[in-house]
There are 2 protein chains.
Amino acid sequence: MNEPQPLFRALADPTRRDILLMLRGTDMTIAQVAENFDMTRAAVKKHLTVLSDGGLITVRAQGRERYNTLNPNAFAPIRDWLSFFDTFWDARLDDLKSAIEKDAQ
Amino acid sequence: MNEPQPLFRALADPTRRDILLMLRGTDMTIAQVAENFDMTRAAVKKHLTVLSDGGLITVRAQGRERYNTLNPNAFAPIRDWLSFFDTFWDARLDDLKSAIEKDAQ
DNA sequence: TTAATATGATACCATTTGGTATCTCGTCAA
DNA sequence: TTGACGAGATACCAAATGGTATCATATTAA
């Protein structure tokens, strides 16, 4: 069913959203990500795990280092979910249009 | 400023996302929303408060009832945030294009 | 080989979160 | 006027969450 819950959950924390922005340009190891925050490496690692569970990043091992990479298809499920509301907005606009037309008569 | 945190937080709970889907077609009172869930009205009310804090719904009083309405501009901040990654994807595609061209030489 | 380094894993803690129960306050109707 | 009804508010509880400290493991380098 491709549950979007882990994705929405992952995006709910500001630190995790900052990590994602940070990973736009370059892949980073856990230590590199942790340098940018005022918290322990262990805490950052937890955030990275949540991001991975949400399908937002993938991890590539290279020797003793783990490079975290932003997933190109990361936000597709969110966009899909948001699209459930598109027809609604259209209907609202139609209602408005009808009301205006009726008003003009 | 326009902090997106309350919005992301509001969307992180599956019950709240279901409420939003439910409100697409019609405005509903707290009791009406609560009918659709296996939890107390008080719990539903809490969810509605979080949704309101996130700017996702507005509440209109009518007598002793409160009608909850989906906010038309609800998802704009999320779309804005997601757009921060658009240039990144473009750059990735450019990289890919360059690599292919170099490969073709 | 041995020490330093990058990460994994786990136990633990305080706070937040999602939920119930309960009481109070307006508003509507008999 | 007097209940009944819809909603607000608060106290309380269990579980999830974000964080630290600490120890173990694997890899690199001297």
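First the proteins, then the strands, lettered A, B, ... as listed; each starts at 1. Computed from heavy atoms alone, side chains included, the values below leave out hydrogens, waters and symmetry copies.
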- Query: What's the spacing between T40(A) OG1 and K46(A) NZ if we round to 0.5 Å?
  - Reply: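 Answer rounded to 0.5 Å: 8.5 Å.
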Check the phosphate of [N] against [X], side-chain N and O only, distance under 4.0 Å to OP1 or OP2. Yes or no?
| X | N | answer |
| --- | --- | --- |
| R66(B) | dG6(D) | no |
| H47(A) | dG19(D) | yes |
| R41(A) | dG8(C) | no |
| R9(A) | dT17(D) | yes |
| T29(B) | dA7(D) | yes |
| K45(A) | dG8(C) | yes |
| R16(B) | dG18(C) | yes |
| T40(A) | dT20(D) | yes |

- Message: With nearest nucleotide decided by heavy atoms, which residue, Q62(B) or T15(B), maps closer to the 5′ end of DNA chain C?
- Response: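 Nearest nucleotide further toward 5': that of T15(B).
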- Query: Where each residue is assigned the nucleotide of DNA chain C containing its nearest heavy atom, which of A31(A) and A42(B) is assigned the position nearer the 5′ end?
  - Reply: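 Its nearest nucleotide lies further toward 5', so the answer is A31(A).
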- Query: Taking the side chain of R64(B) as its heavy atoms from C-beta onward, which of dG26(C), dG19(C), dG18(D) lies nearest to it?
  - Reply: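 So the side chain of R64(B) is nearest to dG26(C).
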- Query: In terms of side-chain heavy atoms of K46(B), which of dA11(D), dG6(D), dT17(D) is nearest?
  - Reply: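 Looking only at side-chain atoms, K46(B) lies closest to dA11(D).
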- Task: Check the side chains of D27(A) and T69(A) for a donor-acceptor pair under 3.5 angstrom, ignoring hydrogens and angles.
- Result: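 Yes.
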- Task: For M39(A) and dA21(D), give me the distance from atom CE to atom C1', rounded to whole Å.
- Result: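 One finds 16 Å between C1' of dA21(D) and CE of M39(A), rounded.
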- Task: Find the distance Q32(B):CD to dC5(D):C1' and express it as a whole number of Å.
- Result: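 Checked: the CD to C1' distance equals 14 Å.
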- With DNA chain D as reference, determine whether A12(A) or I30(B) sits nearer its 5' end, using the nearest nucleotide of each.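 The residue mapped nearer the 5' terminus is I30(B).
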